There are 2 protein chains.
Amino acid sequence: MPLTRSATMADVARLAGVSVSTVSRTLSGTRAVDPAMQRKVTEAAEQLGYQVNLVGRALRQTRTSTVGLVVPDLENPYFSALAQQLSRAFSDPGIDLLVFSADGSLETEARGVRSFLGRQVDALVLIPVHEQLSEASVSAAAAAVHTIQLDRQVAGTAASYVGVSNRAGMRLVHEHVSSVVDLSAQPVVYVGAKPDSSSAHERLDGIRRWFSPETPTLLGDFSAAWGREAAARILADGWTGATIITAADVIALGVLAHLLHQGRSVPAEFRVIGFDGIGAAALAHPSLTTVRQPVEKMARSIRSLIDSDDKPSSHWFKPDLVLGATSPASRM
Amino acid sequence: MPLTRSATMADVARLAGVSVSTVSRTLSGTRAVDPAMQRKVTEAAEQLGYQVNLVGRALRQTRTSTVGLVVPDLENPYFSALAQQLSRAFSDPGIDLLVFSADGSLETEARGVRSFLGRQVDALVLIPVHEQLSEASVSAAAAAVHTIQLDRQVAGTAASYVGVSNRAGMRLVHEHVSSVVDLSAQPVVYVGAKPDSSSAHERLDGIRRWFSPETPTLLGDFSAAWGREAAARILADGWTGATIITAADVIALGVLAHLLHQGRSVPAEFRVIGFDGIGAAALAHPSLTTVRQPVEKMARSIRSLIDSDDKPSSHWFKPDLVLGATSPASRM
DNA sequence: CTGTTAGCGCATTCAT
DNA sequence: ATGAATGCGCTAACAG
């Protein structure tokens, strides 16, 4: 409900009795301006409630001082943590981070990318929905603008990548589990996600690599609902004890909730291991043992990648293990 | 890393041997164009990989088909649920929802609002950080564009409001608690948030209104860390049992985690009640009794408010109670 | 240090 | 149905 057409630089210039250039120079501070005129301009702008029109500026400069972030889903706490940390990495004025949710859909993801490209963002950060099917979106982005894939990647695109070494994460899990559980006596089950995303893919690979190749595996999606369902299946199959390793904390929380609601004990009968290190892992009871990703470091790394726009490059960070109470503290 | 300057309508027109007007009309479909030319234009656009420049379009049309959302913090699961549901409400192509996180800061919130206004968004949705101190931002927004406050409001601004009746929510809590707990024998403690936001304010009012005015009250912020700290204080004060009502699920989850880690039993010794109805409430063990907000309905309501831009109006939704296991199922 | 001029890319007149 | 011309608001290049 704009009460009136909003003021432009021409309006300010007229009121201040100067040229639009002087208004522009005064307000954007790009060049020295006589203090007397400066005052006149500032007052006129104040009086008219002038606000710069960034669309005009962007068209002229062919830059927008904007970075776009496309996430698959904001309700997934790991993605919202990434979005929040990235926002924080852009907290100094100068560049605005804008977030678009793909709502789990490839079409919506494509729309988000098109939208940001059309808006002429200076860089685009993308958590691809799918390891193969997001290829068109990632390539389109990379062809137009500095593009960084976060957490997940589509292979073979001209985009940078920032993420964690998922296989190393699973190695940490193996080290820990094998030191506190007798793997020859206690079965391991992996509750993962279908390898539609590189992270799901790599975590599954990690399991196959570090644990026995015959490790039973249940694959679904990155959700607590899937964790509950998987736990239900495990119980229905007659398991009375196991070490359940999951592909994500949200899955682990679903598994844990179901086990506890069914009266099973953790970690005595079942052990549960998460991945990501979201805040909710520490809130569970028992608290969740999980692989923590250095989200803050990753966000800062993206920031510096964008500031110095070099050629595409890949950055793998090392995760660390957070010991919780869903795994035993010492050899059982 | 744009390999080359990207193609403009002039480039497409040249290649197709037509005027830019024809290109514009063909690609935006605003007017009838001869099928033969249409084909030529489409082919040329395809060949050049033409992508419309929305900045140019926006400057010309003085509209952007964009709605901005400014949230205080994306890591708060209630806000990210709102952001996600609102994204979904704008899932049909036509209007893009862009999200900006204020990172809990009034300055950053102001920057987000200025940024969206400068980008000429068609409407702005705002979850104000502070009940009084966000006044400047809300007013600036409302003066320039159709503005809707969500979940929290600054009183006396020319902006619409969509939220839940917090007092009614606390009334539901009172009804439930008084029916399953003997309030004359079992103390009630409120773990709330400082009344810096209208929601915190109204929930505290609700407690004072429906429960005894002498109800002990601990006020902090909307975080799990605060919930843990409050629970620690309650135990340190020597309480051995109480019904703990909280201002938010995240607080309740922190309270619950601390109580359980300290070996207290819920709901036998302590009862815990949340507010918001986020997904994690159902994952807790015991599952959290909470007041659920109709987030999806609220998001749709905002969408229709924006589509039909009438005068500012307020919309209070009715919450409902979700029974969990942190409160007894029947009279204790 | 200031003003004049031009043009970023597009949609929309106004002519034809 | 098409093309030529105009201008959205701004900054940068150029003269002075």
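Lettering of chains follows the sequences in order, A, B, ..., and the numbering in each one begins at 1. Worth saying up front: this structure is predicted, and the values here are computed from it rather than measured.
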On DNA chain D, nearest-nucleotide positions of B/Asp34 versus A/Leu54: which is more 5'? B/Asp34
Considering only heavy atoms of chain A and a distance under 4.0 Å, specify the first and last nucleotide of DNA chain D in 5' to 3' order that meet this criterion. D/dG9 to D/dA13
State plainly whether the residues [X] and [Y] are in salt-bridge range, i.e. N to O under 4.0 Å.
{"X": "A/Arg39", "Y": "A/Glu43", "value": "yes"}
{"X": "B/Arg300", "Y": "B/Glu296", "value": "yes"}
{"X": "B/Lys40", "Y": "B/Asp34", "value": "no"}

May I ask you to say what B/Val33 touches in the nucleic acid, namely base, sugar-phosphate or nothing, with a heavy-atom cut-off under 4.0 Å? sugar-phosphate
Looking across every strand, which nucleic acid part, if any, lies under 4.0 Å from A/Val52 by heavy atom: base, sugar-phosphate, or nothing? sugar-phosphate
So the salt bridge (Lys or Arg N to Asp or Glu O under 4.0 Å) pairs with at least one residue in residues 68-91 of chain A (sequence neighbours excluded) are A/Arg88-B/Asp103
Can you run down the salt bridge (Lys or Arg N to Asp or Glu O under 4.0 Å) pairs that involve residues 6-18 of chain B, sequence neighbours left out, and say none if there aren't any? B/Arg5-B/Asp11, B/Asp11-B/Arg14
For A/Ala141 and A/Leu117, work out which heavy atoms get closest and say how close. CA-CD1, 3.9 Å
Modelled atom types, side-chain donor and acceptor of A/Thr22 and A/Ser19, under 3.5 Å: yes
Start and end of the DNA chain C segment that chain A contacts, any atom under 4.0 Å from a heavy atom: C/dC1 to C/dG9
Any heavy-atom pair between the side chains of B/Phe100 and B/Leu69 that's under 4.5 Å? no
Which residue is it: B/Gln153, B/Glu131, B/Arg152? I am looking for the one with a side chain to side chain donor-acceptor pair (under 3.5 Å) to B/His201. B/Glu131
Which side-chain N or O atoms in residues 48-61 of chain A pair as donor and acceptor under 3.5 Å with protein atoms at least two apart or in another chain?
{"from": "A/Asn53", "atom 1": "OD1", "to": "A/Val55", "atom 2": "N", "distance (Å)": "2.8"}
{"from": "A/Asn53", "atom 1": "OD1", "to": "A/Gly56", "atom 2": "N", "distance (Å)": "3.2"}
{"from": "A/Gln61", "atom 1": "OE1", "to": "A/Arg63", "atom 2": "NH2", "distance (Å)": "3.4"}

List in numerical order all residues of residues 14-27 of chain B for which some heavy atom is under 4.0 Å away from an atom belonging to DNA chain D. B/Val18, B/Ser19, B/Ser21, B/Thr22, B/Arg25
